J.: 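Please see the structure below; I have some questions.
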Amino acid sequence: MPKPSDLLQGTLDLLILKALAREALHGWAISKRIGSLSGDVLSVQQGSLYPALHRLEQQGWIEAEWRDSETGRSAKFYSLTPDGKTQLELEMANWRRLSSAVGMVLKKA
Amino acid sequence: MTLGRLLRIVRLRARSVSGHDQADQELGAELAFHFEQLVAENVADGLTPDDARAAARRSLGNASIIEEECRDQRRVGWLEDFWRDAIYGLGTLRATRTFTATAVLSLGLGIGGGTAILAVMDSVYHGSLPFRDPDHLVIARSFAFAAPQQSSGVSVRDYLAWQERSRSFAAMGASLVDQQDIRFDTGIEHVHGQAFTPSLFEALDAKPWRGRTFSGPEAERVVVIGYELWRRQLGSDPHILNRTVEMNGSAARIIGVMPPDFHYVVDDAQYWVPLSVTRENSMTARFLIVGARLRPDVSFDEAQTELSQIGRDLDPAWGVHVISVRRGLFGWMLPSLYTMTAGVVLLLLIACANVSVLLLARSSARLPEMKLRSALGAGRGRLIRQSLTETLLLGMLGFAAGLPLAWGAMRLAPVLTPQPGSTHLPLPVLSVRVLLGALSVAGIATLVSGVLPALTCVGIRMPRSNALRGLMLSAQIAVALMLLTSAGLLATSFLKLSTREYNFNTRSLATFDYRIPPQEYLHLDGGTYLLRPHPVAMIERVFERLRRVPGATVAGISHPPVNSLILPRFEASVEGSSVRYPVINFQVTADYFHVIQAQMIAGRDIEDGDTRDRPQVAVINETLAKRLWPGKDPLHKRFGLSGLHEGTPVEVVGVIRDIPFRSTATNQEPAAYTPFLQAPAVVHGQGANMFGQMTFVMRGASSAELLAAGRMAVAEIDPRHAVSSEGTVEGRIHGRTREGAFYVAVFLTMACVAGLIAGIGVYGTTAYAIEGRRREIGIRLAIGAGALEVIAMLARWTLGVLGVGILVGIPLSAVAARLIQDQLWSVAWWQPEVILLVSAVTVFSIALVATLVPSLRAARVDPAVTIRCE
């Protein structure tokens with residue numbers, strides 16, 4: 001069992017897919033991107049990030065490629081596959097539905 | 001899932017397996033890169049390089065745990081584990097050879113038997129038949145609601161109504177059995193064949209090997225011949241088409257040859273002649289066999305419903321059964337097949353229980369090893385998987401051992417069956433379907449035998465594991481006992497059947513059939529048949545000539561005395577009562593009962609003086625006497641006999657002890673034997689052609705000489721017709737009983753194997769238990785226990801287990817015997833002597849081998865050796 005993370009399991013997958021939506025990134029950059037996009041509210045633990053990346057890769061949503069990073073060192077860059085893009089849209093729609101539903105509950109309660 | 005994604009996943013999984021090391025390397029590099037970035041960030045924040053590293057390490061945590069989690073995402077860990085477990089398991093199995101051999105042998109016997117049965121079942125339900133798309137072919141049979149078990153042929157009236165009104169069928173046709181005297185270069189031969197309506201060939205959609213089949217009404221007499229007839233009697237003539245042969249005295253043109261494997265409903269047909277079913281035929285006699293092809297969109301049940309509805313309008317007392325052509329052809333072997341399947345399943349269960357018990361005994365010995373592995377971090381799931389992998393290895397080895405066994409059994413079966421090929425069952429083969437089935441059987445067997453040991457090995461303590469083991473051994477013994485008893489009952493029944501009393505002397509009684517084709521004397525006149533010229537005259541001449549054969553006594557009966565395919569059923573009644581009793585009415589010659597040496601209870605035999613101008617007489621059997629005049633003397637009483645002697649009562653002149661008509665029949669039917677010379681000149685449809693046939697029986701020194709003399713005598717009087725079915729009465733009886741021999745032998749073997757496996761199980765467990773108590777035994781012997789006491793101590797447990805097994809097994813056996821009651825002949829399902837004998841023998845042999853051998857060995861060991869042996 002993966003260790004309990006600060007984020008819901010499915011949410012982390014969604015964030016990773018979203019972070020990769022515009023361009024290919026390596027793991028370090030993904031964690032930075034998620035941090036910056038969330039205004040430093042969300043920080044992804046490495047212990048959760050890498051297993052999640054490998055899981056998404058094994059599921060065929062993202063693919064990996066080794067190339068030189070901005071520092072000149074070789075790094076593993078992840079990018080969305082066509083299936084991954086569809087999956088991202090699907091998960092985003094799901095998330096919106098869920099969050100609006102939760103919002104409604106909170107408002108009425 | 002899109003195809004692209006599927007391919008991607010497959011590629012990744014393949015890489016995880018094959019490029020295992022490279023993937024690990026890349027993982028390390030990836031995490032190292034992250035670590036470097038973290039350090040660089042920390043340095044940028046103003047830490048010294050050493051502090052930066054330490055901080056990075058702190059925030060990253062244990063890198064190897066992350067690596068392990070990433071590796072888990074590859075989802076192929078189980079495969080690697082499985083591979084490791086398999087190799088380890090093979091090593092373990094090799095180290096414990098006796099155990100492995102025992103387990104593999106038990107499973108192999110069970111799986112092999114299962115595979116053979118699967119192959120036979122596959123051949124019954126899916127084997128190729130000489131028709132196109134046989135799964136849409138059906139056979140329709142009539143039955144009287146008064147006796148729904150007994151199916152009969154279809155009447156012309158029903159057949160014509162079905163053809164006109166039904167909408168379920170693409171084609172429907174009828175057939176009849178037929179026999180004719182065909183003249184070949186070698187002489188006249190009596191040959192069996194069938195008459196087919198052209199529509200039946202259309203429905204079966206069977207293609208001829210040469211030429212054509214009938215397509216509609218033919219302008220002349222034509223015949224389609226079988227491959228065997230073409231090869232054997234017509235010298236494989238390549239220009240056979242359009243040749244003419246003389247059949248029953250007139251020429252018929254050969255228009256086609258059927259392929260070698262063609263057969264339909266009967267197995268000895270060698271030619272096919274056209275049959276035309278019209279309203280001219282007798283409408284109500286039920287003699288047609290109707291076959292039809294369903295329309296593709298019509299189900300079985302719909303066809304059944306439709307024909308039933310049509311039938312209800314015609315005659316409410318009769319119903320119709322629509323059965324698949326496969327059921328029609330092979331239905332008769334299903335009861336034995338199902339019994340054998342049940343036997344094999346039980347055998348497999350015994351084998352599984354056996355392996356389970358052996359594994360349990362071993363897993364308690366392996367507990368320390370498992371504890372160590374557990375301490376080193378193996379989870380319960382992991383250990384269970386390992387244990388199951390080992391069982392799976394056993395299962396697969398058993399599968400491998402079972403296949404040649406199944407193959408051998410399937411090759412042996414056709415050799416041992418009485419008449420090879422007589423069943424026309426397509427030869428069972430180990431097809432892919434059968435192998436897959438067998439593989440799943442092996443898989444299930446693995447699970448069944450492996451679950452308990454797997455749970456035990458991770459220390460999930462079974463409550464009282466010793467008791468559990470005992471329970472499973474008892475169950476094995478109970479089931480083995482059940483199989484042995486069933487086999488014992490079948491064997492007893494078979495023995496009784498083959499030595500049964502026929503109430504006449506069957507020894508050295510030669511027999512052959514003489515038959516005048518009905519076409520030569522039956523003339524339809526309104527609703528009745530005229531017999532002209534009366535066949536009795538010719539038969540009388542043949543009979544008188546046969547009587548002059550030196551050194552022989554001779555008599556005749558209209559149907560074979562035992563195992564006749566057709567029995568002439570009529571009705572009997574007594575004056576003053578409207579009750580009509582079913583009765584079987586044979587036509588016999590003078591001296592019949594004297595020649596076959598039947599036991600006369602009262603009165604006289606049929607005599608030469610019983611002719612047409614004398615009063616009608618009959619000899620009846622005991623059962624008819626009791627039925628018609630219970631408790632009274634039947635002699636010289638009169639009764640009515642339907643059909644043949646309508647109007648004129650028949651006088652009873654003799655009573656004989658019952659003669660069974662079929663060797664497998666247990667209940668005796670009422671019968672009347674009337675003189676053939678008193679045959680009527682006009683008959684209603686049913687049974688009309690029995691007056692043109694006679695089965696002669698001759699008693700004398702040598703059957704072969706009698707038959708030769710008989711053949712010559714017939715040729716002298718009637719050169720146009722040949723004799724057929726030459727043989728001996730014993731041979732006819734024997735041919736039938738032998739069919740059961742193979743079945744009984746197979747079942748007996750299976751039951752003995754079950755007993756053997758159970759014995760092995762008990763032996764293995766006992767030996768294992770003794771192994772663990774060697775030291776204790778040594779001490780006991782050293783401080784003065786006698787060998788006998790030690791043996792008694794060791795045997796107590798085993799004998800208890802045996803006792804429980806027997807106690808449970810006896811009622812189980814009774815239940816099983818009840819289930820096979822229909823297959824038992826003259827043996828009660830509760831046959832105490834069989835059950836007791838079988839249990840006594842089972843207990844004795846199992847106890848002897850399984851307990852005494854290892855105990856004796858243990859008791860004989862020098863105590864000094866065992867105690868020091870630490």
Side-chain angles (χ1 to χ4, degrees), chain A residues 1-6 9 12-13 16 25-36 40 43-88 90, chain B residues 1-17 19-20 22-45 55-79 379 381:
Chain A
M1 280 289 284
K3 289 207 173 106
S5 70
D6 301 335
Q9 170 88 59
L12 178 58
D13 289 0
I16 293 172
L25 294 172
H26 48 69
W28 171 258
I30 292 172
S31 71
K32 288 283 138 195
R33 169 72 58 87
I34 291 175
S36 71
D40 286 330
S43 77
V44 184
Q45 296 297 316
Q46 294 83 342
S48 315
L49 176 66
Y50 284 96
L53 281 172
H54 283 248
R55 183 173 58 247
L56 290 171
E57 185 187 3
Q58 290 291 339
Q59 285 171 344
W61 305 133
I62 60 177
E63 59 188 338
E65 189 192 7
W66 283 87
R67 61 176 133 103
D68 287 345
S69 70
E70 56 280 14
T71 60
R73 275 196 60 171
S74 178
K76 195 177 179 187
F77 280 77
Y78 294 91
S79 59
L80 285 187
T81 63
D83 289 307
K85 287 193 180 105
T86 327
Q87 178 69 10
L88 172 60
L90 194 78
Chain B
M1 185 184 284
T2 64
L3 186 67
R5 182 169 165 236
L6 187 72
L7 288 175
R8 194 187 306 279
I9 291 175
V10 169
R11 207 168 55 229
L12 281 165
R13 294 284 194 283
R15 181 165 175 269
S16 308
V17 175
H20 177 264
Q22 202 203 341
D24 276 356
Q25 235 167 29
E26 286 183 5
L27 179 59
E30 188 180 16
L31 292 177
F33 175 79
H34 189 101
F35 180 72
E36 292 303 327
Q37 294 289 328
L38 204 55
V39 173
E41 194 184 59
N42 288 344
V43 170
D45 282 351
R57 218 168 270 134
R58 266 198 307 279
S59 96
L60 204 56
N62 188 345
S64 60
I65 288 181
I66 300 181
E67 274 182 38
E68 193 54 47
E69 274 180 28
C70 288
R71 242 182 252 125
D72 281 349
Q73 304 302 330
R74 292 182 202 153
R75 308 282 172 84
V76 289
W78 62 271
L79 197 65

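Everything numeric in this text was worked out from a predicted model, so none of it was measured. Naming convention: chains lettered A, B, ... in sequence-line order (proteins, then strands); numbering from 1 in each chain.
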J.: What I'd like to find out is whether the side chain of B:I66 reaches to under 4.5 Å of the side chain of B:E69, using heavy atoms alone.
T.: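 Not in contact.
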J.: B:E67 versus chain A, heavy atoms under 4.5 Å apart: side chain, backbone, both or neither?
T.: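 For B:E67, neither part sits under 4.5 Å from chain A.
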J.: Indicate whether the side chain of B:E41 and that of B:Q37 have a donor and an acceptor atom separated by less than 3.5 Å.
T.: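 No, no side-chain donor-acceptor pair sits under 3.5 Å.
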J.: In terms of heavy-atom pairs under 4.5 Å, which option from B:H34, B:R8, B:E26 contacts chain A the most?
T.: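 Answer, by heavy-atom pair count under 4.5 Å with chain A: B:H34.
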J.: Please state whether the side chain, the backbone, both or neither of B:A40 comes within less than 4.5 Å of a heavy atom of chain A.
T.: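 No part of it gets close to chain A.
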J.: To the nearest 0.5 angstrom, please state how far the NE2 atom of A:H54 sits from the OH atom of A:Y78.
T.: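 Separation between the atoms: 4.0 Å.
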J.: Any side-chain heavy atom of A:W61 within less than 4.5 Å of one from A:R55?
T.: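 SC-SC contact between A:W61 and A:R55 ruled out.
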J.: Answer with side chain, backbone, both or neither: which region of A:E57 has an atom nearer than 4.5 Å to a non-hydrogen atom of chain B?
T.: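 Both parts, heavy atoms under 4.5 Å.
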J.: With side chains defined as the heavy atoms from C-beta onward, is the minimum distance between A:L53 and A:I30 less than 4.5 Å?
T.: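 Counting from C-beta outward, A:L53 and A:I30 do come under 4.5 Å.
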J.: By a 4.5 Å heavy-atom criterion (distance strictly below it), what part of A:S74 contacts chain B: side chain, backbone, both, or neither?
T.: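 For A:S74, backbone heavy atoms alone lie under 4.5 Å from chain B.
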J.: Side chain, backbone, both or neither: which part of B:L7 has a non-hydrogen atom closer than 4.5 Å to chain A?
T.: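 No part of B:L7 comes within 4.5 Å of chain A.
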